[in-house]
Structure formats: C-alpha cells, structure tokens
Amino acid sequence: MAPPPPAALYTPTFLLALLTTLLLSATLRLLAILPHRASPPQPRKPGAPTRVVIVLGSGGHTQEMLYLLKDLDARKYTHRTWVVSSGDAFSAVRAVGFEKALEEGEGEAKGRRVGPESYDIAIVPRARKIHQSLVTTPVSSLKCLWACFGPLLRSTSLSSSSSTAAEDLPDLIIANGPATACILILAALILKFFDVRGAHSRGKCRTIYAESFARVKTLSLSGKLLVPVVDRFLVQWEGLEGAGGRAEFWGVLV
Amino acid sequence: MSKLCFVTTGATAPFTKLIEAVLSHASLDAFLQCGFTHILIQYGTAPDVYQSSAEAARQYLKQNGTEQKLEIDGIDFDSSGLFEQFKLVQQTQGLVISHAGSGSVLEALRFQLPLVVVPNTALLDNHQEELAVAMDRAGYVIHGNVDHLAPAIKDSERFRTQMAQFPPVTAGKERKVKSFANIMDETVGFTDFNNE
C-alpha cells in the first residue's frame, strides 16, 4: 500500500497557493488565446484545403446567414460544415438548397469544390427549447456543448475520398446567433485553450460573428456574450460601430 | 389592369392588429384611391381574425358599390418563402405591407418593392420598432403603424419612384466598405481578394 501523502499538503495555505497558481495560469492562457493577441493569418491561395463551419440559428437568423454567404467562393472554402439545431428542418433544407445552387451555378469555373463530398450537415441538440425551464437549461446546454465538438474536430460525414480539409479542424467559424452559436464558439475556445490538435498554434478555428441586421441600437444577448472572444465582430448599422469596444462596421452585409 | 398589395404578418407571433388595420375602412379607401385591385393577406396563425375582418371589409365595399374593384384573398404561411408573391407584386407594380421581421423585410427589398414596414408593438422586445425607424430614415421603406396605416398606403405611390436602393451601393460616402466575403477572406488569409 502506498503511503499517504504528507499531511502538510492539505494545509489551507497549500490549497490556496495551488488555486492561485491554477487561476493565474488559466488567466494567462485565456489572454493568450483571445483575439487581441491573435497572430495574423498565414497567406493562403485558393484551392488550399480550407474548412468553414457555419452555424445556422433558425428562421430569421438562417435567412440572414444565407444572405451573408451569397458570394461564397467554393474555390477558397473547399469544405463547408453546416451546423443545425435538432428539429430545425427549415435550416437543414435551406443549407442543402444553398449547396445545390453552388453545384449548379458557374459550372465552368475551375477548382470549385462542390457536391456532397464538399459539405456536411451536423445536427446538434438544442441548447434550450422554447419554454424550457431554466432549471434544466444547464443540462441541455452541456449536451449541446458536448455535441458541438464533433463538427469542430472534423467533418461529420467522412468517407475514404474525403479531403484533407474535411478531416481537419475548421479554419473559420461563422455565426450570427442565437444560443447554439454561443455554445459552439465556447467549444472552439476550449479547443484553443488546450490547443487540441493545434487549434491555437496552427491558427485554426478563427471566428466571425455578424450581428443581425435587425439590431440597430443595441447588441443582442449573443452579441454581448461573444464580443470579447470572437476574432471579428461585425455590425450592420453605423450606430453600433465600436459597441463592446470593438464592433466593426463595413456597411450592410446581408 | 391589376395591382396587388401583399400583406405578410409573420409566421410565429400572431399579428392580428395588422390584419385589422389593412382591412379597416380608411385603408380600403386608400387602396381604392391608389388603384389597387387585389389584396392578398398571409394571415399566419390568425385565420379566424382574417375571415371575420375580410367579411366585414367586403360588406363595406358592397355598401359603397366598389366590391368589383377590390378583391380580398388570404393565404396560409408557406415555409418555402414568399418568392411567388413578391414576383406578382413586382409584375403588377404593387405594394408589400410587412411585419418588421428582418427575414421578410430583406426578401422584399431584394425585389426592390415599395414596402411598408409595420412593427408589432405588442412584442416585448421592441427592436422591431428600431429597425423600422432606421430603415425609414435611410429611405429603404415606409414606417407604418397599425393605428394609422392609410397615410402610408397613399404615400407608397410617391415612394415607388424615390426609394433608396438596397443593399446600398456604398454604405457611407467617405468610408471604405467591405463585403462579408472580403471579411471572410481577410480573416483566414486569402489576401488577394481583389484580383480574382
């Protein structure tokens, strides 16, 4: 039987010191991964394996997201992962429709990565259903968080012919709210915090949050939560420029 | 020649006041005055309110002998979008009256249709009102309200020729603008987005 550890380790002073050290190192780590310290991206050329994760919120959010992505270049963004909440058939159908339109459009342009091999649709459980009790919300949010790691680590529909991009972490994550977007971005932060598969050191999982066109004077709750942690925070009305200390306004985006 | 006014009340929250406002006597008079021949109402979750209001409106038209001039129809919510309806409005040089949900508003604006946006003030979150005011100020839409819809309907004729283009060609005159695609490219390192 191993001898018990020296009793001295259990003194309040020791625990306090341990806690302080952990807290300090966690804070330093967090500061290191947060956007103001992010290194500029390595230059890349169209055709380089590039995966983008797109979070489709629901009705209005989904529609706005598809407007944001209207000029999506399939030569550059070679694999698309669409994240949809369970039960949101509308968003799943719209994502497939978007990919179909990509496939049919501009057939002559070379190097466009379109078709079923170039996208996947990942379904995650809802963070909070409408009218769900606040007591059980933490549980369902944790389930959602856990499920979000799946589409972040790799494409959810891998086959032998899958591209390098599909098997790797995403290069870019795009969200425009609501709850599921926050949780997926939290999952991405956790990956960066522990540098899982080089999420931080390889400059993966960069994040863009676009505030809804409907927000004119104040940020949404998701926006307020995400403004300090995403790489780019975009607003669509001039009055919101600089909101949260760093909101960017480049004109109407939808 | 026919001329259509399409009214959409949104899919989720019932907006019965908008249905009632569109079919009020003052609004019906405004429609006739502007030469509208059809009103199509997407009543969403309130078919009962639509039925009774439409009945009352037809009675009113009959009393004035104008029931031949203005036809009132209703449709349920259609999840595939409002493409067909907006197309019809475009063809007949008509008008859209919409709740202030950003989905419908953005879709109507893509068609360059004259649009009256009516916020549902019964909703707790009042940013619908903010959006309507800001869009009106920018010249994209007419901000209407349920207690006073007729002036907005009359105003739509003038507005048709003066409405600002959406999305704006340049958001601000002096400032640099970027598209969302540009911002995506910057963020992941596609730096040559200008020479495609």
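Labels below follow one simple rule: chain letters A, B, ... track the order of the sequence lines, proteins then strands, and each chain is numbered from 1.
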Report task. Look at atom CD of A:Gln42 and say whether more than 12 heavy atoms of other residues, nucleotides or ligands are closer to it than 6.0 Å. Result -> no

Query raised in the report: Would a 4.5 Å heavy-atom cut-off, applied to side chains only, mark B:Ile183 and A:Leu253 as touching?
Result: yes

Query raised in the report: With distance as the sole criterion, is a donor-acceptor pair present between the side chains of A:Arg206 and B:Thr187 under 3.5 Å?
Result: no

Query raised in the report: Below 4.5 Å, heavy atoms only, C-beta onward: do A:Ile174 and B:Phe180 meet side chain to side chain?
Result: yes

Query raised in the report: So with a 6.0 Å cut-off around NZ of A:Lys224, is the heavy-atom count from everything else above 12?
Result: yes

Query - Part of A:Thr50 lying under 4.5 Å from any heavy atom of chain B - result: side chain

**Report entry** Euclidean distance, A:Ser212 OG relative to B:Leu131 CG, rounded to 0.5 Å
**Finding:** 8.0 Å

Report summary line: Rounded to the nearest 0.5 angstrom, the CD-CG distance for B:Glu186 and A:Asp231 is 12.5 Å

Query raised in the report: So which part of A:Leu72 gets closer than 4.5 Å to some heavy atom of chain B, the side chain, the backbone, both or neither?
Result: side chain

Query raised in the report: Using non-hydrogen atoms only, which part of A:Lys70 is less than 4.5 Å away from chain B: side chain, backbone, both, or neither?
Result: side chain

Report task. Decide yes or no for A:Val254 and B:Arg110: does some side-chain heavy atom of the first lie under 4.5 Å from some side-chain heavy atom of the second? Result -> yes

Requested in this report: Can you measure from OG (B:Ser102) to CZ (A:Arg215) and round to the nearest 0.5 angstrom?
Outcome: 10.5 Å

Query raised in the report: Between A:Phe213 and B:Tyr140, does the ring centroid distance fall short of 6.0 Å?
Result: no

Report task. Could you give me the CA-CA distance, side-chain angles and deciding distance for B:Lys178 and A:Glu248, then say whether salt bridge (Lys or Arg N to Asp or Glu O under 4.0 Å) is met? Result -> CA-CA 11 Å; B:Lys178 289 179 190 171; A:Glu248 303 173 48; 5.5 Å; no

Report summary line: Value for OG1 (B:Thr191) from NZ (A:Lys45), rounded to nearest 0.5 Å, stands at 8.0 Å

Requested in this report: Using a cut-off of under 4.5 Å on heavy-atom pairs, state which of A:Leu234, A:Thr62, A:Val93, A:Thr218 scores highest against chain B.
Outcome: A:Leu234

Query raised in the report: Using a heavy-atom distance cut-off of less than 4.5 Å, which residues of residues 34-43 of chain B contact chain A?
Result: none

Requested in this report: May I ask you to check whether over 12 heavy atoms, not counting those of A:Arg232, lie within 6.0 Å of atom CZ?
Outcome: yes

Requested in this report: For residues A:Leu68 and B:Met184, determine if any side-chain heavy atom of one lies less than 4.5 Å from a side-chain heavy atom of the other.
Outcome: no

**Report entry** Test side-chain contact (heavy atoms from CB on, under 4.5 Å) applied to B:Asp185 and A:Lys76, step by step
**Finding:** CA-CA 8 Å; B:Asp185 288 353; A:Lys76 292 173 176 165; 2.8 Å; yes

Requested in this report: With the side chain counted from C-beta on, respond yes when A:Trp250 and B:Asn182 share a heavy-atom pair under 4.5 Å apart, and no when they do not.
Outcome: no

Requested in this report: Assess whether atom NE2 of B:His148 is packed by more than 12 heavy atoms of other residues, nucleotides or ligands within 6.0 Å.
Outcome: no

Report summary line: With A:Val216 as partner, the option from B:Glu129, B:Met135, B:Glu130, B:Arg137 fulfilling side-chain contact (heavy atoms from CB on, under 4.5 Å) is B:Glu130

